[in-house]
2 protein chains.
Amino acid sequence: MAVTVRDVAARAQVSVQTVSNVVNGRPIVAEATRQRVLKALAELGYQPNAIARGLRSNCAHTIGVVFITTERRYLVRAPYLNEVVSGIADAARDSEYELLLQSVAPHEHPSAVTQLFRRRQIDGVILTSAELGEPYVEELTANDVPFVLIDRPVAGERAACVRADNRGGALAAVRYLIQRGHTHIGLISGALNWHSGVERLAGYRQALAERGLPEAVTHSDWSREGGHCALGELLDQWPKLTAVFVASDLMAVGAMEAACTRGLRVPEDLALVGFDDLTFATMVRPPLTTVRLPAYDMGVEATQLILGHLTDGRFPQPDVVLPTELVVRESA
Amino acid sequence: MAVTVRDVAARAQVSVQTVSNVVNGRPIVAEATRQRVLKALAELGYQPNAIARGLRSNCAHTIGVVFITTERRYLVRAPYLNEVVSGIADAARDSEYELLLQSVAPHEHPSAVTQLFRRRQIDGVILTSAELGEPYVEELTANDVPFVLIDRPVAGERAACVRADNRGGALAAVRYLIQRGHTHIGLISGALNWHSGVERLAGYRQALAERGLPEAVTHSDWSREGGHCALGELLDQWPKLTAVFVASDLMAVGAMEAACTRGLRVPEDLALVGFDDLTFATMVRPPLTTVRLPAYDMGVEATQLILGHLTDGRFPQPDVVLPTELVVRESA
DNA sequence: TTGAAAGCGGTACCAG
DNA sequence: CTGGTACCGCTTTCAA
């Protein structure tokens, strides 16, 4: 049986209350008493029971990390999420908080996340992959659950957002292509029910508008296969394109493969720029010129935000935008 | 305030005990009573508080998922783990159990995991990345915590292991190279404090021994950079090598890059076979011939094992070995 | 079959 | 500053 406050109290000849005060570092204990309790604590190898503590204090020291998806193998299919999760795990590591991992289906029962919150007395939630129009966001707001959204702006006292400068990144990418002399530049866009999809499209448009260049856009689904198909559609419709900005590295790899299939050389016949800068961007040939998404840092930032909120009761900054950066390699 | 059993009991005009029985599906409640309670449950939107339940029943319905590592960005640097975690998340999804994510440093305080277990009343643990000689394993055994080890055999009533047939995979890879006519075959081995490192080395040795071929081994650290350096060392020491079996895809990519730097064509001048079959294996040029590690399935299997143990109180099979498979592409 | 009461292991509150 | 006691929400035990 585990050793409890009562065991410690008996050994140190004090009340359970005093033990609790010592354990929680409340500075209202006389030094002599404190030492006696500390000794008993060590001798018995006391470990506070977080469950019991959570029950009473209504704060279980747990952060929920929620993926919204129906897909199996989701972490494999959305590789940037690995980096986000890695950042969350690292940032939570030295905190008092534990991470509870959960994936829920979009539009499942909108209260699924809130239920999780209630049932496990979760203190705050980090929500990833929230498409626009996701009902969970409203649900969480309505239930007064503090949460941080990755890659989607949000309004509300108890909500914050961590995202990257997607528009700026896209802008830089397309400006770079223009600067390299391209005048017919296509876009393989991600799905537009994602905030980053919308923003990357906006950046592309802005860069073209600055020079009065024509648009050539296909929409795809973020996947490698999607990128492959999309390049075909794009070139069939606009054969004069000499460069394509692709809204994700995974799609860019697909597009690169499609270009190769068509006998096009990258970058000589077709310049390609991706977005994300995942590990494999340096593995493909030619190495992919892409926009670096600070996914790991987004995870770290999201965790610090929610942790800070749990301490201070508020978010100092409701919308954190991390910079992106064009990484020039050889594909454009 | 959340609605409790007492609220439900009051509304349904029964005792809290009866409500508890209904919620937990115990078949000792009269049908009429049950219906009344069910109605009250629905009307009030009752959600059982898992914390309180765990406190009383000493079973918090939580599985700990533990990474042993000091490295930051660990999920990024050990990409196969993403697949394992994805499998764990998917398998746990429809269970009653939640996943608690935690990373601990090797040789930190050996009782870190046990403490986590006690403090959060965790029911079972899935341990990944346990090097050989890891003290956590003993610690968990000594404390009677049920656990599943990924990729490391283990003894004990309350322990099980899920791993892949690393030796068989290596054997198949090297036999394939021999069959293709290679007689001077090198190995870039992973670190030997990993079970899979030892096994892949053993498979390589066995295949060579079958034909009386000479060995040529360098040890590396699983990383891309490590693979790059290792290929250099290998070729400097054994210039006649025409093929190299590389114990991980990440190292294989590094080796492929090193070969390219040396002006060697793959596979004409140097055949390369990897191990893992991660996503990027099909992205490099030439596409990597490799051994498929069923990492996702290992995560699923580990979860089912621990879940089964929590139900039955035992592991039906203490050492689950999943098959590996040679995937022939173009690098060999 | 149902109900009343006693905890699980902490923390909050109040009295001394 | 310290101790006693109620109580968080649920399950378990035992009696009716």
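The figures that follow rest on heavy atoms only: side chains count, while hydrogens, waters and symmetry mates do not. Below, chains carry the letters A, B, ... as their sequence lines are ordered, and counting in each starts from 1. Just so it is clear, the model here is predicted, and its values are computed rather than measured.
- No side-chain donor from either of Ser86(A) and Arg77(B) sits under 3.5 Å from a side-chain acceptor of the other.
- For Gln13(B) and dT1(C), the CD to P distance is 21 Å, given to the nearest whole Å.
- Of the two residues contacting DNA chain C, namely Gln17(B) and Val5(A), the nearest-nucleotide position lying further toward the 5' end is that of Gln17(B).
- More than 12 heavy atoms of other residues, nucleotides or ligands lie within 6.0 Å of CD in Glu31(B), so this atom counts as buried by the packing criterion.
- Distances shorter than 4.0 Å separate some side-chain N or O of Ser20(A) from OP1 or OP2 on dT11(C).
- Residue-environment remark: CD (Gln35(B)) exceeds the threshold of 12 foreign heavy atoms within 6.0 Å.
- Contacts with DNA chain C (heavy atom under 4.0 Å) in residues 28-47 of chain A: Tyr46(A), Gln47(A), listed by number.
- Comparing dA4(C), dC8(C), dG10(C) by their nearest atom to the side chain of Ala52(A) picks out dG10(C).
- Here the side chain of Arg53(B) is nearest to one of dT11(C), dG10(C), dC10(D), namely dC10(D).
- The local environment of CD in Glu157(A) is sparse, with at most 12 non-hydrogen atoms from other residues, nucleotides or ligands closer than 6.0 Å.
- Contact between the side-chain N/O atoms of Asn24(B) and the OP1/OP2 oxygens of dT11(D) is found at a separation under 4.0 Å.
- Atom P of nucleotide dC8(C) and atom CG of Asn49(B) are separated by 18 Å, given to the nearest angstrom.
- Rounded to an integer number of Å, the gap from CG of Asn21(B) to C1' of dG3(C) is 11 Å.
- As a whole-Å value, the separation of Gln121(A) CD from dC8(D) P is 12 Å.
- For the 3.5 Å distance criterion, the side chains of Asp7(B) and Tyr46(B) fail to qualify, holding no donor opposite an acceptor.
- Look at CD1 on Ile51(A): it is 11 Å from P on dG10(C), rounded to the nearest Å.
- Using bins of under 30°, 30° to 60° and over 60° for the plane-to-plane angle, the ring pair Trp222(A)/Trp194(A) lands in the perpendicular bin.
- Using a 4.0 Å cut-off between a side-chain N of Lys or Arg and a carboxylate O of Asp or Glu, Arg158(A) and Asp144(A) qualify as a salt bridge.
- The Arg56(A) side chain lies nearest to dG9(C) when the options are dG9(C), dT2(C), dC10(D).
- Residue-to-nucleotide proximity on DNA chain D shows that, of Arg6(A) and Ser15(A), the 5′-proximal contact is made by Ser15(A).
- In this structure, CG of Leu55(A) is placed 13 Å from P of dC8(C), rounded to the nearest angstrom.
- Distances were taken from every side-chain heavy atom of Ser57(A) (C-beta onward) to each of dT11(C), dG10(C), dT13(D); the shortest belongs to dT11(C).
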